[in-house]
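We count ligands from 1, going down the list as the structure has it; atoms in each ligand are counted the same way.
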Amino acid sequence: LIEGPSINRFKPKNPEVGTLRILLYGPQGAGKSSVFNSVDSALKGHITTRALAHAVETDHSFTVESKTYKVKKDSPDSYFPFNFTDIAGMHGEDRGIHRDDIIKLLNGHINSGYTFNPLKPITNEDPKYIKNPTLKDRIHCLVAVLPANTVSMMDDNIIRQMSDVRKEARDLGIPQVIIMTKVDESCPLVKDDLKKIYTSKKIKQKVLLCSIKLGIPVSCIYPVKNYHEERAIDDTIDILILDALKNIINFADESVEDQVYHN
Ligand SMILES: Nc1nc2c(ncn2[C@@H]2O[C@H](COP(=O)(O)OP(=O)(O)OP(=O)(O)O)[C@@H](O)[C@H]2O)c(=O)[nH]1
Ligand SMILES: [Mg+2]
């Protein structure tokens, strides 16, 4: 596994893939944009808010455009060899991002800067549609973001849509994990002291619930608290976020290591 400083030296093993692509998806308001902000903050050592997150609860997704974010390293003009694509949330009715659009993203047909229309999935006539994607265009790790505090009430329709996306990812050989957010909102002990996350029974139950709902093993579920209202870096938040990141990168790297793309 990649250790602290070595995340700086990490390079994908497959030369065909210079940058590993990580996709964040999940229900609206789950904390997807905040997950990217947390990774960015933890790597930079100060709080950043590049992906705009909700300030208030609304009925619609706050993120509408699909955006891919790179993370800059300390040295000038150099970036970590991975990026995050942040998309609109899924909704029980016709208001969220369309499942078919996420599937096209997985396959590499859509790049950054595409504004999804929930009622009209992208077609191959669209100028932004990449007709012949290669291994480097694809998503290399699919990350479901689920909020610990409301996962038990998740709409069945969303679960169904997520399960369709999962099946496509499975067929493409794309590894999948869950980042479980808002642990502070689901256990008062953890809210008081984030370190209790490792022993909290409530958190353990929520992890199990996420595993059952999405069919992802408990070992691939990472409970985190996002940076969302903090003004300074916190060691425990960093440790949880960076642990999830290292695992995601390792899974992504392993999955492309031996693949040669035949077009
Ligand atoms: N308490 C707590 N709040 C969080 C956490 N992560 C995110 N939030 C809050 O949850 C709300 C939604 O977060 P976003 O990051 O905008 O969620 P999103 O999944 O990107 O939402 P859409 O783009 O609308 O689908 C915001 O008000 C965040 O401040 C967390 O770990 N703990
Ligand atoms: Mg968002």
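- Here Ser34 fails the criterion, with no N, O or S atom under 2.8 Å of the Mg ion (ligand 2).
- Heavy-atom proximity to atom 20 (O) of ligand 1, evaluated over Pro147, Ser33, Gly31, is greatest for Ser33.
- Within ligand 1, counting atoms from 1 as listed, the ones closer than 4.0 Å to a heavy atom of Lys225 are 31 (O).
- Residue Tyr227 is tested with Asp238, Thr49, Asp40 for a side-chain contact (heavy atoms from CB on, under 4.5 Å); the sole match is Asp238.
- When the options Lys32, His228, Glu230 are ranked by their closest heavy atom to atom 2 (C) of ligand 1, first place goes to His228.
- When the heavy-atom distances from atom 10 (O) of ligand 1 to Glu185, Lys182, Glu229 are ranked, the shortest goes to Lys182.
- Here the two rings, on Phe84 and Tyr69, have centers that are 6.0 Å apart or farther.
- When heavy-atom distances to ligand 1 are checked against a 4.0 Å cut-off, Asp184 comes that close only through its side chain, counted from C-beta outward.
- Partner of Thr68 under the side-chain contact (heavy atoms from CB on, under 4.5 Å) criterion, chosen from Asp86, Asn83, Ile87: Asn83.
- Under a 3.5 Å cut-off, the side chain of Gln161 and the backbone N or O of Asp156 do not form any donor-acceptor pair.
- For Leu52, no nitrogen or oxygen atom sits less than 3.5 Å from a nitrogen or oxygen atom of ligand 1, counting backbone and side chain alike.
- Considering backbone and side-chain N/O atoms, Ala30 comes within less than 3.5 Å of an N/O atom of ligand 1.
- Between the Asp126 side chain and the Lys128 main chain, a donor and an acceptor come within less than 3.5 Å of each other.
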Can you check salt bridge (Lys or Arg N to Asp or Glu O under 4.0 Å) on Lys225 and Glu185, steps first, answer last?
CA-CA 9 Å; Lys225 174 176 150 46; Glu185 294 294 327; over 6 Å; no
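- Those atoms of ligand 1 with a heavy atom of Gly89 less than 4.0 angstrom away are 25 (O).
- Lys104 forms no cation-pi arrangement with Tyr129, by the criterion of a distance under 6.0 Å to the ring centre and an angle within 45° of the ring axis.
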